[in-house]
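Keep in mind that this is a model prediction, so the values were computed, not measured. Scope of the values below: all heavy atoms of this structure, side chains included, with no hydrogens, waters or symmetry mates.
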Amino acid sequence: VIDDVAVPKVIDFGVAKATGATLTDRTIYTAFHQMVGTPLYMSPEQADLSGTDVDTRSDIYSLGVLLYELLTGTTPFDSETLKKAAFDEMRRIIREDEPPKPSTRLSSLGPTITSTSEKRSSDPRNLDRSVRGELDWIVMKALEKDRRRRYETANDFASDVMNYLCDR
């Protein structure tokens, strides 16, 4: 709380993973071939279970999911679809399926667009248009399947969001 206003703080996006040292009994829960985390926020490389390509860009993916959720009121992949999918199918969806752009998701919300737009203090007829273009691009870059095409750092991601907010 700062000046009597609640301020959210994101401490961690997922599960810590041992990446630079030999796994021991203290790191057993971060062993390879074990799925640990929330699938809705999981990067494709985490869902791969090999562990070889997991690095800080996995957090960029999770940040992209958060921004997607803030813009649309939903995550890139439908939670019910992932819950109903078999384990390997869920992993395949995360690794291979392209989520719709935020503006596309907004235009397909149907009647729920009204409550989504109310929460964002915007006109439901213009909500998808306000996201189309640069915000779509920023979110989808953060959600790239190939981690080499994602933002390198959270600072790079934040910089693009700030440039958008400042009309640069």
For a quick test of reading the model, state the closest non-hydrogen atom pair linking [X] to [Y] and the distance between them.
X      : Y      : answer
Leu135 : Ser130 : CD1-O, 4.0 Å
Val131 : Pro102 : CG1-CB, 3.6 Å
Tyr68  : Pro100 : OH-O, 2.7 Å
Tyr41  : Thr75  : OH-CG2, 3.8 Å
Ile94  : Pro39  : CD1-O, 3.6 Å
Met140 : Pro99  : CE-O, 3.4 Å

Are [X] and [Y] side-chain neighbours, meaning at least one heavy-atom pair lies under 4.5 Å?
X      : Y      : value
Arg149 : Lys141 : no
Trp137 : Asp160 : yes
Leu67  : Leu63  : no

Examine distances only and state if a side-chain atom of [X] and a backbone atom of [Y] form a donor-acceptor pair shorter than 3.5 Å.
X     : Y     : answer
Thr38 : Leu40 : no
Ser58 : Asp55 : no
Glu89 : Ala86 : no

Would you give the length of the straight line joining atom [atom1] of [X] to atom [atom2] of [Y], rounded to the nearest 0.5 angstrom?
X      : Y      : atom1 : atom2 : result
Leu106 : Leu127 : CG    : CG    : 4.5 Å
Ser62  : Gln46  : OG    : CD    : 6.0 Å
Ser159 : Arg168 : OG    : CZ    : 7.5 Å

Review point. What about Leu70 and Tyr61, same hydrophobic cluster or not, with Ile/Leu/Val/Met/Phe/Trp/Tyr joined at side-chain heavy-atom distances under 4.5 Å?
Key: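 They do not share one cluster, since no chain of ILVMFWY contacts under 4.5 Å joins Leu70 to Tyr61.
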Does [X] pair with [Y] as a salt bridge, N-O distance under 4.0 Å?
X     : Y      : result
Lys83 : Glu80  : yes
Glu98 : Lys145 : no
Asp88 : Arg91  : yes
Asp97 : Arg92  : yes
Glu69 : Arg105 : no

Check your understanding: Which is it for Glu45 and Arg150 under the salt bridge (charged side-chain N to carboxylate O under 4.0 Å, His left out) test, yes or no, and what are the steps along the way?
Key -> CA-CA 12 Å; Glu45 59 270 23; Arg150 273 185 226 141; 2.7 Å; yes
Exercise for review: Given side chain to side chain contact (heavy atoms under 4.5 Å, CB included), test Lys101 with Val139 step by step and report yes or no.
Suggested key: CA-CA 8 Å; Lys101 294 184 288 189; Val139 171; over 6 Å; no
Check your understanding: In terms of side-chain heavy atoms, does Ser103 have a donor or acceptor partner in Asp128 at a distance below 3.5 Å?
Key ->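 No - no donor-acceptor pair under 3.5 Å links their side chains.
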**Study point:** Donor-acceptor pair between Thr153 and Asp156 side chains, under 3.5 angstrom
**Key:**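 Result is yes, a qualifying pair exists.
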